[in-house]
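Notes to accompany the following structure.
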Amino acid sequence: MDKYSFLNAAHTSFFAEQYEKYLTNPDTIEPSWRAFFQGFDFGLEGSLEDLGIESDKGGMVVLSNGRKVEMPEALQKEFQVIRLIDGYRSRGHLFTETNPVRERRKYVPTLDIDNFGLNQEDLDTTFDAGKILGIGPASLKEIIRHLESIYCDAIGVEYMYIRTPERIQWIQDWLNKNDNHPNYSAEEKKNILRKLNEAVSFESFLHTKYVGQKRFSLEGGESLIPALDVIVEKAADKGVKQFVVGMAHRGRLNVLTNIFGKSPKDIFSEFDGKDYEETIFDGDVKYHLGWTSKRETDSGKMVNMNIAPNPSHLETVNSIVEGISRAKQDRDHSEEISEVLPILIHGDAAFAAQGVVYETIQMARLDGYTTGGTIHIVVNNQIGFTTNYLDARSSTYCTDVGKVTLSPVLHVNADDAEAVVHATTFALEYRMRYKRDIFLDLLGYRKYGHNEGDEPKFTQPLLYKSISKHKNPRDIYAEKLIAEGVIDENYVKELEEKYKSDLEENLLDSRKIEKTRITPFMQDEWEGFEQVTEEVMLKPMDTTYDLKKLDEIAKSITKLPEDKKFLRKLVKLVDGRHAMYFEDNKLDWAMGELLAYGSLIEEGYDVRMTGQDVERGTFSHRHAVIKTEMHEEEVVLLNEMGDNQNGKFHIYNSLLSEYAVMGFDYGYAMASPKTLTIWEAQFGDFSNGAQIIIDQYLSSAEDKWKLQNGLVLLLPHGYEGQGAEHSSARMERYLQLCAKDNMFVADVTTPANLFHLFRRQMKAKFRKPLVVFTPKSLLRHPKVVSTKEEMASGSFQMVIDDVDAKATKVRTLVFCTGKFYYDLLDKREELERDDVALVRVEQLFPLPTEEMRSIIKKYKNADDIVWAQEEPRNMGAWSHMLMHLDEAKQFRVASRRFYGAPAAGSAVRSKRRHAQVLDYVFDKSKDNMQIR
């Protein structure tokens, strides 16, 4: 008996079920079935021929083993219908009605039935494949109608690349309900219309009251407002307590007013260009400002709403929002992280082109950065400033980057308000169920140019001819509701008149305000902290720590668990740390660092550290995470401190990114001022990959947005012959950004000073970014040690005087910073000079000028004062000294010559230049500036 004779007897619905499983995920069916299905050609001969499988028309199929099998025609047709269903699921999004202002591009092959081996005669035939769509056995005509409704109307869905069958099934079940069309009540429809009216009326009001002023209107994408509204309302019912939103300037004012509840009065005041009531802040344009508010939902839930401040650098805010969200989750929602919902609103051109988008999306599933799923919404104008979308990307869609994380993508006609709200509801339910990212692409248009004063017809005359005749989404939806009998002709007019009347009152009130007030962002998190000036930053601070407690912490972090096996080298390292503390009392850099973290954790602070390879440390000095030899089980001794464990230590190796990772940690520090948040560069100069974060946030956020932030940057810096990319952390760039009271910059030289620097960062009642140029060769330098008493009883020293020099003997006073001090010290010992004092400037900003002046007075016999640095003259701290210390104009400068690259690639040349600088410090006749 032919083993395939069951094909004539089995029910076609059983085959349909098996075949659908095969198409979705072949690994979920029996191997014999998988081999069987691989043997048939259902209109895709080309691809099957590549597998060595041939087809014989007329119901005969040749398997790869050469065996011919006869298949009943009815069964073959069933499989062809299933192929058609699969085609709609996989490619239906290419044939949707999602573009409101122009025809879509054409794609081949199409979804015509003849491309699947079906014809017009099959349209009235009933197929069991209809059960797949939840409609039971149905005619091909009915199946196609359902498929068109689900996949090819106002919503296009991409999801078939997802590799988890359960998620695919859930998506399909959701889409099959009501053929992917909502069935809203009259009240729900009126609410959608109300939010659309607010969006439209707000923009038209601004357009008439502030003619020609930039506002980056939402017109053409107003359905964003009902979309966000439904997310907030439904998410609150699902347990979400906090929303963190990031978006660029387009539509921001509309969102602030109609979603976040910011008073239009305040926005109008910003439009009027009034000065700020506080002279210490410079402020920012109105469409960059952040906002925090409480909102009560329609069901009575009170939620916290945050929209992060952002610069004009599009998509930069993405990683900031993720960091804020993670901090809130770690601090208040660790048991259920989905209670904090990040929402990122993008523009199509930037989303497709900005690298930080990819970097941020790659974080989504990483332990150190996951936030339990983000809802991404692209307000797709189909244009970037003046650039057409065909010139803006190579991919089919601007959202194709979302497929990196196998996330569903929904493309929606932004003119169809119900479709937008329906798709948004799907996105929310998916995120809450799976704690994964999801992407919404709202295809609309931009009514005006890039800003309201720009003329778009210069570059897109045809598109803007169409847009000029196009009705706004509110009016389109109102006509639909009138036709349905939900509202009458006067309903919208009354809505608009009432809303604009409220705006008019706010406008009159705003004119009475003389000054604009910058409202602090996330005030609750920053209660008890104050903004301070440079004078306060320079005041000494008590950073002492009880020696007995320090002993207890040292014991915890220098003893490995006895029930686990570790590499001998690691055992030796940890045992060495124990001896270093309890026997030798000579603590190296790593011990100073780890003890600082431990002391803060004991006091109830958390510590978060990320960056490339930070768990071990680029230079293998930290070993904060120790792995067992056999199973790579992670042991973090700073989380094993027993009764002293009053905070947590979070350390994560980051993905190979600077921009997004620094942005994430900046956002984290923004939302968690009681966490010592640290980002470490693999090498200091790699930080320029995050230059936008440094410029737009780190150095300027307090001036622009009244934001404090205590993020610490650790930037390995030092000239040791490793070439241009592994020597300099570009100290000069950070120092150039320093102004008034915007940050701390330090280049410390002892473990004790590092200990107190970290403790000062958290013990202060204010927060400032801290940039630390950290050593490489000093990590194991025999002279770079401190005692435990210096840590327990000492304090941070902004300047370290030369304790070995006798002031009366000194003729040359040398100021320096960082690792170069030890090179100078070795040279002085080599020359046996007692007439040279070496003074270390440990804090470069705010520069301790009074301490430096006191030291100059102390060495009154010194007629030669030197600024010595290992960097080229146009780099390092020299120009900074000139700007902030008047006496520096009289200093003799010892440095490398002027160079374009920070260091020479040749180790020999680098060593020679280094020696020349050292020689010149001690002998002013050897001016290396004359030597090439």
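Everything numeric here is computed off the predicted structure, so don't read it as measured data.
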Would a distance-only check, ignoring hydrogens and angles, find a side-chain to backbone donor-acceptor pair under 3.5 Å from [X] to [Y]?
X      : Y      : result
Arg431 : Gly373 : yes
Arg608 : Asp665 : no
Thr297 : Lys301 : yes
Asp348 : Asn381 : yes
Arg393 : Thr399 : no
Arg83  : Glu78  : no
Arg326 : Thr370 : yes
Asp400 : Thr396 : yes
Arg331 : Ala671 : yes
Thr164 : Arg167 : no

State whether a side-chain donor-acceptor pair under 3.5 Å links [X] with [Y].
X      : Y      : answer
Gln172 : Tyr159 : yes
Asn413 : Thr98  : no
Asp330 : His650 : no
His313 : Gln354 : no
Ser407 : Arg436 : no
Glu188 : Asn191 : no
Thr96  : His411 : no
Tyr666 : Ser319 : no
Asn180 : Asn178 : no
Ser654 : Gln612 : no

With the threshold set at 4.0 Å, does a side-chain nitrogen-carboxylate oxygen contact exist between [X] and [Y]?
X      : Y      : result
Glu418 : Lys480 : yes
Lys403 : Glu158 : yes
Glu233 : Arg295 : yes
Glu148 : Arg145 : no
Glu339 : Lys238 : no
Asp173 : Lys177 : no

Tell me, do [X] and [Y] make a side-chain contact under 4.5 Å, heavy atoms counted?
X      : Y      : answer
Ile324 : Tyr668 : no
Asp437 : Thr374 : yes
Val232 : Val303 : yes
His181 : Ile150 : no
Glu97  : Arg104 : no
Thr125 : Leu140 : no
Met247 : His346 : no
Asn380 : Gln382 : yes

Please give me the minimum heavy-atom distance between [X] and [Y], naming the atom from each residue.
X      : Y      : result
Leu218 : Gly251 : CB-CA, 3.8 Å
Glu315 : Gly347 : OE2-N, 3.6 Å
Thr371 : Ser325 : CG2-CB, 4.1 Å
Ile143 : Ala129 : CD1-C, 4.5 Å
Ser338 : Val240 : O-CG2, 3.5 Å
Ile162 : Ile168 : O-CD1, 3.1 Å

### Task
Hey, could you give me the CG/CG distance between Leu84 and Leu147, rounded to the nearest 0.5 Å?
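Reported to 0.5 Å precision, the distance equals 6.0 Å.
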### Message
Just verifying a value: how many Å separate Ile361 CD1 and His376 NE2, rounded to the nearest 0.5 Å?
### Response
5.0 Å
### Query
Name the one of Val614, Ile693, Val661 that satisfies side chain to side chain contact (heavy atoms under 4.5 Å, CB included) with Trp679?
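Of all the options given, the one that passes is Val661.
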### Query
Picking from Leu440, Ile375, Asp229, Ile438, what satisfies side chain to side chain contact (heavy atoms under 4.5 Å, CB included) with Thr424?
Leu440
### Query
Stepwise, does the side-chain contact (heavy atoms from CB on, under 4.5 Å) test hold for Leu224 with Asn254?
CA-CA 10 Å; Leu224 173 68; Asn254 209 315; over 6 Å; no
### Task
Report the C-alpha separation of Glu634 and Glu615 in whole Å, then their side-chain angles, then the decisive distance to 0.1 Å, and conclude whether the side-chain contact (heavy atoms from CB on, under 4.5 Å) test is met.
CA-CA 10 Å; Glu634 294 186 350; Glu615 294 178 5; 4.2 Å; yes
If you count every heavy atom of other residues, nucleotides or ligands that lies below 6.0 Å from [X] atom [atom1], does the total exceed 12?
X      : atom1 : answer
Gln362 : CD    : yes
Glu166 : CD    : yes
Asp112 : CG    : yes
Tyr358 : OH    : no
Lys234 : NZ    : no
Arg163 : CZ    : no

### Query
Asn306 and Phe243: side-chain contact (heavy atoms from CB on, under 4.5 Å), yes or no, with the steps?
CA-CA 6 Å; Asn306 305 277; Phe243 297 85; over 6 Å; no
Pair [X] and [Y], ring centroids less than 6.0 Å apart:
X      : Y      : value
Phe664 : Tyr369 : yes
Trp170 : Phe426 : yes
Tyr151 : His93  : no

#### Entry: side-chain hydrogen bond (donor to acceptor under 3.5 Å, both in side chains) assessment of Thr360 paired with Tyr659
CA-CA 9 Å; Thr360 305; Tyr659 188 173; over 6 Å; no
### Task
Please lay out, stage by stage, how Leu123 and Ile144 fare under the test side-chain contact (heavy atoms from CB on, under 4.5 Å).
CA-CA 9 Å; Leu123 289 173; Ile144 292 172; 4.0 Å; yes
### Message
For Tyr434 and Tyr430, take the angle between the two ring planes, folded into 0 to 90°, and tell me which bin it lands in: parallel under 30, tilted 30 to 60, perpendicular over 60.
### Response
tilted
